[in-house]
Amino acid sequence: MFTFLTSDRTPSWLNAWRTLPAKSSAGRRMSSRRRPLAKRDGAERRRLLDHAQWELIPLRSLAEQLPHLPASSAVSVTASASKTLEDTLDLTAELCALGHRPVPHVAARMVASRDHLEELLGRIESMGLNEIFLVGGDVTSPAGPFDSAVGLLEALREVSHSLLHIGVTSYPEGHALITDAVLHEALHVKQVLLAEAGIEGHAATQMCFHPKAIVQWLAAERDSGLTLPVHLGIPGAVDPARLLRIGSRLGVGASLRYLRKNTGAVTRLLRPGGYDPSELVDQVAPHAERLDIAGLHVFTFNAIADTVAWRDGALAGGSGHSS
């Protein structure tokens, strides 16, 4: 779900939105003190864990992990630069057949033409789906006329579709290739476009590790008028060896781009024994209701069994980490 731009120059769509009025609300603050979860905070933690969407990558090796998905799971299906959007929709169809609730990613920079966009939307509609997750896309050069998620959102006003909900990306911890100012304005432009189209939406964050940064970023965005519900992006219980295998299958180019943008994330994920996201969830939970964090977007790296085991263990009261 990571967008990719070749430079941090102001995108062509941005100047037209510079005059949008900013909304204001009462300021919010995050306490720097760590404390045990109160009863209400524990309920919020459980709510977040109950509303987990599992992100999967369309790779052949995924088949052996699919049986570990809980029944009728909400699943986010990535659009990898080393694959095609048709591969994303093939896995989406398979998940539908298994009784799950998949949401395909549509990467704007991988859409070859307006006709291609209409074909993709038609296939999504034929599966009985009305939701997508819209990303810019990790390809260096656009395959067609759309160089950003904003451009594709604008095009949706002119094509027939049955979409009722669109998720968009957000970046609490910043982006190595895009300035914070551009990220902020892009998120608010997407919110405006969704509202104008009468389409519901949410913002799912990048894979995050720092609870204070998450809460401070979201409080500032709420103060600036962001009303979209937010799904917090967290890594699952990922074994380092699996992460490296997945990276190699995604292709050298995609792996290099990921490493360039997310060196801190990779360092944490490659710790011996893997990564346990429980502490992050515990520290964000006390702020979840106030900041409208609706659930979790869990980056499984296709380690479904271990990640679901972590979630189930966390719901039962422990860390649930599987090493």
Side-chain angles (χ1 to χ4, degrees), residues 1-5 10-18 20 53 55 74-81 84-93 96 101-139 141-171 178 182-205 225-231 294 297:
M1 60 174 283
F2 298 95
T3 57
F4 178 79
L5 296 180
T10 302
S12 58
W13 52 264
L14 189 53
N15 289 330
W17 296 90
R18 294 287 190 184
L20 285 175
Q53 184 177 60
E55 181 173 294
V75 182
S76 189
V77 185
T78 66
S80 168
T84 68
L85 293 175
E86 285 69 27
D87 291 324
T88 296
L89 295 188
D90 287 345
L91 177 55
T92 299
C96 283
R101 296 172 287 125
V103 176
H105 290 209
V106 174
R109 296 165 70 86
M110 293 174 67
V111 178
S113 65
R114 191 173 298 269
D115 287 345
H116 186 206
L117 175 60
E118 292 179 346
E119 290 171 8
L120 295 168
L121 294 173
R123 187 174 174 194
I124 290 167
E125 182 177 1
S126 73
M127 298 181 208
L129 303 177
N130 55 27
E131 179 177 353
I132 63 171
F133 188 75
L134 182 59
V135 302
D138 275 350
V139 294
S141 300
F146 309 114
D147 67 353
S148 68
V150 168
L152 196 145
L153 269 178
E154 291 176 328
L156 285 177
R157 294 182 294 193
E158 302 172 3
V159 300
S160 175
H161 65 81
S162 59
L163 298 176
L164 301 178
H165 191 108
I166 297 178
V168 298
T169 56
S170 58
Y171 297 87
I178 311 174
V182 169
L183 292 171
H184 167 80
E185 294 199 48
L187 180 57
H188 287 259
V189 168
K190 293 170 191 175
Q191 176 172 268
V192 170
L193 290 171
L194 289 171
E196 289 179 348
I199 298 174
E200 293 185 353
H202 73 274
T205 76
L226 183 70
T227 58
L228 292 174
V230 168
H231 296 187
H297 184 108

Novice: Could you pull out the closest heavy-atom pair between Gly201 and Leu194, with the gap in Å?
Specialist: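 Shortest heavy-atom contact: CA-CD1, 4.2 Å.
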
Novice: Give the minimum heavy-atom separation between Ala107 and Ala79, together with the two atoms involved.
Specialist: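 Closest heavy-atom pair between Ala107 and Ala79: CB-CB, 4.0 Å.
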
Novice: Would you please test Val135 and Thr78 for side chain to side chain contact (heavy atoms under 4.5 Å, CB included) and show each step?
Specialist: CA-CA 10 Å; Val135 302; Thr78 66; over 6 Å; no

Novice: Measure across Pro102 and Cys96 and return the closest heavy-atom pair with its distance rounded to 0.1 Å.
Specialist: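 The pair with the smallest heavy-atom distance is CG-SG, 3.5 Å.
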
Novice: Does the side chain of His202 reach to within under 4.5 Å of the side chain of Phe133, using non-hydrogen atoms?
Specialist: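 Yes, side chains in contact.
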
Novice: Does the side chain of Thr92 reach to within under 4.5 Å of the side chain of Ile124, using non-hydrogen atoms?
Specialist: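 They are not in contact (no side-chain heavy atoms under 4.5 Å apart), so the answer is no.
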
Novice: How long is the span from the CD atom in Glu196 to the CZ atom in Arg157, to the nearest 0.5 Å?
Specialist: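 Reported to 0.5 Å precision, the distance equals 6.0 Å.
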
Novice: In Å, rounded to the nearest 0.5 Å, how long is the span from CD of Glu200 to CG of Leu164?
Specialist: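 Between Glu200 CD and Leu164 CG, I get 7.5 Å after rounding to 0.5 Å.
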
Novice: Do Leu117 and His161 come close enough that some side-chain heavy atom pair is under 4.5 Å?
Specialist: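 Not in contact.
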
Novice: Measure across Leu228 and Ala203 and return the closest heavy-atom pair with its distance rounded to 0.1 Å.
Specialist: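 That closest heavy-atom pairing would be CB-N, 4.3 Å.
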
Novice: Please round to the nearest 0.5 Å and tell me the distance separating atom OG of Ser162 and atom CG of Leu129.
Specialist: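 Spacing of OG (Ser162) from CG (Leu129) equals 8.5 Å.
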
Novice: First locate atom OG of Ser170, then atom NZ of Lys190, and finally report the distance between them rounded to the nearest 0.5 Å.
Specialist: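 Result: 8.0 Å between the selected atoms.
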
Novice: Does the side chain of Ile178 reach to within under 4.5 Å of the side chain of Tyr171, using non-hydrogen atoms?
Specialist: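 When only atoms from C-beta onward are counted, Tyr171 and Ile178 do not touch, as no gap falls below 4.5 Å.
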
Novice: Taking side chain as C-beta onward, heavy atoms only, is Leu226 less than 4.5 Å from His188?
Specialist: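 Heavy-atom side-chain distance check passes, below 4.5 Å.
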
Novice: Could you walk me through whether Gln53 and Arg101 pass the side chain to side chain contact (heavy atoms under 4.5 Å, CB included) test, one step at a time?
Specialist: CA-CA 9 Å; Gln53 184 177 60; Arg101 296 172 287 125; over 6 Å; no

Novice: Is a side-chain donor or acceptor of Gln191 paired with a backbone partner of Gly225 at a separation under 3.5 angstrom?
Specialist: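 Yes, Gln191 side chain to Gly225 backbone: donor-acceptor pair under 3.5 Å.
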
Novice: Assess, by modelled atom type and distance only, whether the side chains of Ser76 and His105 contain a donor and an acceptor separated by less than 3.5 Å.
Specialist: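 On atom types as modelled, these side chains qualify, holding a pair under 3.5 Å.
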
Novice: Per the salt bridge (charged side-chain N to carboxylate O under 4.0 Å, His left out) rule, what does the pair list look like for residues 118-131, sequence neighbours excluded?
Specialist: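 Passing the test, one end in residues 118-131: Asp90-Arg123.
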
Novice: Going through the checks in order, is the side chain to side chain contact (heavy atoms under 4.5 Å, CB included) test met by Met110 and His116?
Specialist: CA-CA 10 Å; Met110 293 174 67; His116 186 206; over 6 Å; no

Novice: What is the minimum heavy-atom distance between Ser113 and Phe146, and which atoms define it?
Specialist: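 Here Ser113 and Phe146 meet closest at O-CE1, 4.2 Å.
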
Novice: Sort out for me which residue in Val168, Leu134, Val189, Leu187 forms a side chain to side chain contact (heavy atoms under 4.5 Å, CB included) with Val150.
Specialist: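 Only match with Val150 under side chain to side chain contact (heavy atoms under 4.5 Å, CB included): Val189.
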
Novice: So, do Ile199 and Leu153 sit near enough that their side-chain heavy atoms are less than 4.5 Å apart?
Specialist: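 Counting from C-beta outward, Ile199 and Leu153 never come under 4.5 Å.
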
Novice: Would you call Glu154 and Leu193 a side-chain contact if the rule is heavy atoms closer than 4.5 Å?
Specialist: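 Side chain of Glu154 against side chain of Leu193, heavy atoms only: contact under 4.5 Å found.
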
Novice: Could you grab the distance from atom CG of Leu152 to atom CD1 of Ile132, nearest 0.5 Å is fine?
Specialist: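 Answer rounded to 0.5 Å: 7.0 Å.
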
